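One structure below.
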Number of protein chains: 2
Amino acid sequence: MNRTNFKGSTREYVYEKIRESILSLELTPGTVISEKEISDDLEVSRTPVREAFLKLTEDELLTVLPQRGSFVTLIDLDHVEEARFLREQAEVGMMKLACHSFPESKRLDMLANIEKQKLAKEKEDEQALFLLDRDFHLFLAEGTNKKRVWQVIQRMDVHSQRLRKLSMNLKLNWNLLIEQHEAMVQAIEQKDERAGMEIMHEHLTLLQYDQSPLKAEFPDYFQ
Amino acid sequence: MNRTNFKGSTREYVYEKIRESILSLELTPGTVISEKEISDDLEVSRTPVREAFLKLTEDELLTVLPQRGSFVTLIDLDHVEEARFLREQAEVGMMKLACHSFPESKRLDMLANIEKQKLAKEKEDEQALFLLDRDFHLFLAEGTNKKRVWQVIQRMDVHSQRLRKLSMNLKLNWNLLIEQHEAMVQAIEQKDERAGMEIMHEHLTLLQYDQSPLKAEFPDYFQ
DNA sequence: AGTAGCATACTTGTATGGTAGTGTGGTAGC
DNA sequence: GCTACCACACTACCATACAAGTATGCTACT
């Protein structure tokens, strides 16, 4: 991705660029960066960089100390858990709504998505599985008219991505996850509110694993 | 509030100033404003105004059309409902946690807060009741270590404030609300998870009233 | 009258200059 | 050697200049 073929303003370009660098751990937690440094690197002026910094500050991905400097925010496990908690509460609620009424077209989208998940699982394409999983949950949000909620959750949830990156050897049990996805669609079809909520609860509780080994291995990256 | 005695940067000052104007309907939905106009009014340069505009855009309180202009975002009832939904899900979840374990000091804070609510109710001080109610729910968030969740909810919930302002004759049943607050603290003390969640659910469902008369009365303010 | 086209006055986006606060390293004085 | 002080480099913050896109209204031509 470079500036010329990026659709959107320079500000958005810079924001996405830095954001990706932070989430991929190219910029490790604690790394000091300055407006000038980035503007020189990306060959843009300080203004769009500064505006990107402000948005990154909102995300708590960057910490700015006025007149002193800026650095990539350290990972805060409390923050990660709060994001997971909010996501679970929101999606269980969406599931409840979905089991009451849900557009047929979205349900079909979800079914097709699950088939793609199975294919990706065969190919062991983790990246594709990650994106398909995202889309699956997005369909649920769209079908229950809660897209803004989904966006808020997504934005808060970025911090878990850095953890996932750190624990590269973490093998997700995709067979189970895909089974749960299937059970969700079934619950929606059968309007089985109790089953749907229960499965979603279990599904999102799986994300709650013991992160202390990571903190022990990379102490400098954590608060 | 003017610039000299405001603690914080010019950017934050401008942001708060415009935000208050929008939420109080001083700036009505749809009103066209420009960076230059605001910077002249507040006697600051365009830079902090522009940065405030960006943050207001995040809040969906302002809509910016590049090279064309900016205007106060119209009220979107879907947005309001999504905020209420997310809040209900989050706070019911917090209640569940609180009924499992909750710091004694916070519980005492909540009890004292309720007594203040009763006093404010006697004096019919709506403004005080509003703030006390806010604090009450904040205590719950703090006691369950979910302060970030609370902030996210608060930020998303601003749109309901414009509705509240429009429906000035809306009389809230504070007696019921305060009773529910008491029942919440009781549930926490008795660790009665089921009762706590049920009360919180009812409590936050009360915010779901029919808003179509307002839309009929102020059609220009709505999407 | 109606319309194409251009000048103009806006808008926001980007670049750059200057300001004030902060940390650091060196130096003079003890 | 140690400390107080100061010059300097660096930061983010704010102000301003310039660029580029858009709406509007006038004018000239059909």
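So that the names make sense, note that chain A is the first sequence line, chain B the second, and so on, each numbered from 1. Being a predicted model, the structure only gives us computed values, none of them experimental.
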Item to check | Summary of ring pair (Phe, Tyr, Trp, His ring centres under 6.0 Å) pairs that have at least one residue in residues 26-73 of chain A, sequence neighbours excluded | outcome: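 Every candidate ring pair (Phe, Tyr, Trp, His ring centres under 6.0 Å) pair involving residues 26-73 of chain A fails, so no pair, neighbours aside, qualifies.
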
Next on the checklist: Per the ring pair (Phe, Tyr, Trp, His ring centres under 6.0 Å) rule, what does the pair list look like for residues 128-153 of chain B, sequence neighbours excluded?
Outcome noted: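 Non-adjacent pairs meeting ring pair (Phe, Tyr, Trp, His ring centres under 6.0 Å): B/F136-B/H181, B/H137-B/H181, B/H137-B/H203.
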
Next on the checklist: Just to verify, what does B/Y221 make a ring-ring contact (aromatic ring centres under 6.0 Å, His included) with, not counting sequence neighbours?
Outcome noted: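 Scan of B/Y221 (ring-ring contact (aromatic ring centres under 6.0 Å, His included), adjacent residues dropped) gives B/F218.
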
Next on the checklist: Which residues pass the salt bridge (charged side-chain N to carboxylate O under 4.0 Å, His left out) test with A/R134, not counting sequence neighbours?
Outcome noted: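 None.
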
Whole-Å gap separating [atom2] ([N]) and [atom1] ([X]):
| X | N | atom1 | atom2 | result |
| --- | --- | --- | --- | --- |
| A/I38 | D/dT11 | CD1 | P | 11 Å |
| B/L42 | D/dC14 | CG | P | 13 Å |
| A/E43 | C/dT14 | CD | C1' | 15 Å |

Checklist outcome for this item: For nucleotides 5-13 of chain C, 5' to 3', base contacts (B), sugar-phosphate-only contacts (S) and non-contacts (-) with protein non-hydrogen atoms under 4.0 Å give ------BBB

Next on the checklist: Salt bridge check, B/K147 against B/E142: does any charged N sit closer than 4.0 Å to a carboxylate O?
Outcome noted: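 Counted as a salt bridge, because a side-chain N and a carboxylate O are separated by less than 4.0 Å.
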
Next on the checklist: If the cut-off is 4.0 Å, is A/T47 near the phosphate of C/dT14, judged by side-chain N/O to OP1 or OP2?
Outcome noted: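 Looking at the OP1 and OP2 atoms of C/dT14, neither is under 4.0 Å from any side-chain N or O of A/T47.
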
Checklist entry - Listed by chain and number, what are the side chain to side chain donor-acceptor pair (under 3.5 Å) partners of A/D40, not counting sequence neighbours? => result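 Partners of A/D40 by the side chain to side chain donor-acceptor pair (under 3.5 Å) criterion, ordered by chain and then number, come out as A/K36.
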
